[in-house]
Amino acid sequence: MTTSSPRSGSEPPAAEPSRAYALYHPAVQRWIYNRGWDRLRDAQERAAELIITGERDVIIASATASGKTEAALLPICSVLARQHELNAAAGVAALYVSPLKALINDQYDRIVDLTEPLGLRVHRWHGDAPAAGKARVLRAPSGLLLITPESLEALFVRHADRVRRVFGGLRYAVIDELHSFVGTERGAQLQALLHRVELAAGRRVPRVALSATLGDFAGAAEFLRPRHGPEVAVVASTEPGGEIRLQIRGYVDPAAPAPPGQEPADRGAIADHLFRTLRGTDNLVFANSRAAVEVYADMLAQRAVRAGVPAGFLAHHGSLSKEVREHVEERLKDPTTPVTAVCTSTLELGIDVGSVDSVAQVGAPPTVAGLRQRLGRSGRRPGRPAVLRVYVAEPELAPGLSPTDALRAELFQSVAMIELLTASWYEPPDTTGLHLSTLVQQVLSTTAQHGGATARQLFDSLCASGPFHRVDQATFAALLRDLGRHDLLQQQADGVLLPGREGERLISHYSFYASFRTSLDYRLVADGYTLGSLPVDRPILPGTFLIFSGARWRVISVDTAQRVIELTAAEAGRPPVFPGTGGEVADEVRRAMRRLYRSSETPGYLDATARTLLAEGRAAFHAYGHATHRVFSRGPETVLFPWRGDRIMNTLAVVLAGHGLHIGQDGLAITAGNCSPAQLLDVVRKLAAEPAPDPVALAATVRAKAHDKYDRYLSEDLLNLAYAARALDVPGAWTSLAELASLPSPAG
DNA sequence: GACCTGCTGCGGCCTG
């Protein structure tokens, strides 16, 4: 924000002449004047007219802290204020959908400040919001409604009779943090809900979406308005970003394991540097996993104790209780108490923790887009650069080190991602999914909302005119039959479909509203205080030592009926094991890694050890013949290096496994356990010469395909369709096979 | 060896 000190009084606006400013309502202009803004930001300037005319949907893509929310809300509130003066319409006038409750709470205070002088009401509706506010929306809908997708779903199911009244006068729908929805089940749910809102309103309602990290505007536009992506206006700010200072620090993990009870040398050295560099200031340390967060929070806390300084390092992740997390967030917001939060992606977006002094990333970042979001948490104050330190540990070069480890892949992935980040490349959204699990949810929800519906009505509203347009009639009919078979739906004599017994049971429980699945957890309690939770599939015995919330504990008791684990403070501990599957490495990242191996340039942001590791990785790349070969013999196994993204790697693994090979996947490589390099290359050449198979037929060779919340109600045929769309890239795999087949015969 | 997100209605108890 470009601000000087706020002014008082209500003299004529003094901002620079600006087309957008002139379009704003006088009360909005006064608000801008009172904030002391010298000028409007680029995105604000360019979005105003598009939004005010309301003819097109708009995506506002600009950096974190560049005034995106205001770029959407100042013109929207201008329109609503004029409408309010005419007393024109009842009902909610603008809907704002957010992926996070915390984001709604943050935005609520800012938005009230803007809307109060305009006479517009703001309502927030999410699971932790007061019930009185929700009752007010249902009784006298008006102004702006800030809501989560799940609460919007609940509104449709529980208050179906009020939906038309609430949304009948809707003028705008705003979607914050659009990138967090694109390509996900939750995103498909949001698309369906927005469509159902428009059906209730009886007309198209302009959509305004906000994001700082969209990899592909066309894909995002298609997500925002399915089948009409090209008509969406994209306001991509050209305002230059702030200065970024970055460093990659390399560490060596010794071949000899640390003695029991001692920290591994590489992690200890990373913790030493974090402690020295970060203490006394506000920082975020992203550690990629909850277990790693606990390890580093504990190591840093131990260092604070040994140095006799106040504890300034706290853990923050999704299994910690709301109270523990809020305490950390308060400390981050409070400028008088410096704190470094060691966290997973929980602090990656949304929650306004103010500006931190620096961001650390321990281990290769999971995605380029995520790295950009993380980096955007620092450097938010004028004149202060964003600071990023990436810590990468690679195993010591020693006899017996595997050829793959010698490639220093984690370092190369980190460098490749930073190079892509500085070129403003982000992972493109995956908009090919069928999202059948969420279609099951939406069929049930729509049926409940209308008290029954025909198959035709459901298909028309959800698929033909709705967001599930990749689902054809035959597939939809098969899905309805599956739901009938499981008693989720039943059909009356006149053909109308109603929820069946099992359907009623699902719909009537509050767990129905979320499109994603969560596990049952044990609650961890110490002295009556809930620290957080642990997944139930990892039984823990009394007497076990545990590291949790950055502190050390011993388990006193385990109550399996109440699912409560009681803890007491202890001297020793070990991090708990969390289950989970990670994300996909994009194809472009793997290609960038290969380019980096073949290059001889050394980026200036590497420290001495990282430079050495980079040189070692390149030496290994050439020594093992990676520049010219992709197939290698390693003991009894054959190893294949396609240098492609995880989806293509998965497709290749499925294809090869279908040819009787014992296939394993190991990040960069595919291993075949029972064949020689020559045999593997024979199979590759034979496959490359064949036409690419049907993805659905290929999916049929894969076991255990149920993945999402309502997949368990789908037949094998539908799971094959969903898997083919979600996990396979057959054309990509066949270009990879063609490339592999054209290479010379295997190297030793 | 890998993340995160979200949720209603109602009964029971306490306070002013």
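Per chain, numbering begins at 1; letters A, B, ... match sequence-line order. Because the structure is predicted, anything quoted here is derived from the model rather than measured.
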Note to self: Nearest whole Å is fine: how far is B:dG1 C1' from A:E584 CD?
What the structure shows: 16 Å
Note to self: Distance check needed: B:dC4 P versus A:R374 CZ, whole Å only.
What the structure shows: 10 Å
Notebook entry, point to check: How close or far is atom C1' of B:dG1 from atom CE of A:M649, stated in whole angstroms?
Noted result: 15 Å
Checklist line | Sidechain N-carboxylate O distance under 4.0 Å for A:E153, A:R196 | finding: yes
Notebook entry, point to check: For the pair made of NE2 in A:H316 and P in B:dC3, what is the distance, rounded to whole Å?
Noted result: 16 Å
Checklist line | 5' precedence on DNA chain B between A:R517 and A:Q665 (nearest-nucleotide basis) | finding: A:Q665
Check: Using a distance-only test with no angle check, is there a side-chain donor-acceptor pair under 3.5 angstrom linking A:Y513 and A:R158?
Finding: yes
Item checked: Carboxylate-amine/guanidinium contact A:D176 A:K68, below 4.0 Å -> no
Check: Atom NE2 of A:H179 and atom C1' of B:dT5: how far apart are they, to the nearest Å?
Finding: 12 Å
Notebook entry, point to check: Would you call the rings of A:F167 and A:F156 parallel, tilted or perpendicular if under 30° counts as parallel and over 60° as perpendicular?
Noted result: parallel
Shorter than 3.5 Å, N or O on both sides, protein versus nucleotides 6-16 of chain B: list them out with atom names.
| unit_1 | atom_1 | unit_2 | atom_2 | d |
| --- | --- | --- | --- | --- |
| B:dG6 | OP1 | A:K101 | N | 2.6 |
| B:dG6 | O3' | A:T148 | OG1 | 3.3 |
| B:dG6 | N1 | A:T518 | OG1 | 3.3 |
| B:dC7 | OP1 | A:G127 | N | 2.8 |
| B:dC7 | OP1 | A:T148 | OG1 | 2.7 |
| B:dC7 | OP1 | A:S151 | OG | 2.6 |
| B:dC7 | OP2 | A:G127 | N | 2.9 |
| B:dC7 | O2 | A:Y510 | O | 2.4 |
| B:dC7 | O2 | A:S511 | N | 3.3 |

Check: For the side chain of A:S151 and the backbone of A:T148, is there at least one donor-acceptor N/O pair under 3.5 Å apart?
Finding: no
Item checked: Test ring pair (Phe, Tyr, Trp, His ring centres under 6.0 Å) applied to A:Y713 - qualifying residues, sequence neighbours left out -> A:H486
Checklist line | Separation of B:dC3 C1' from A:L320 CG (nearest whole Å) | finding: 14 Å
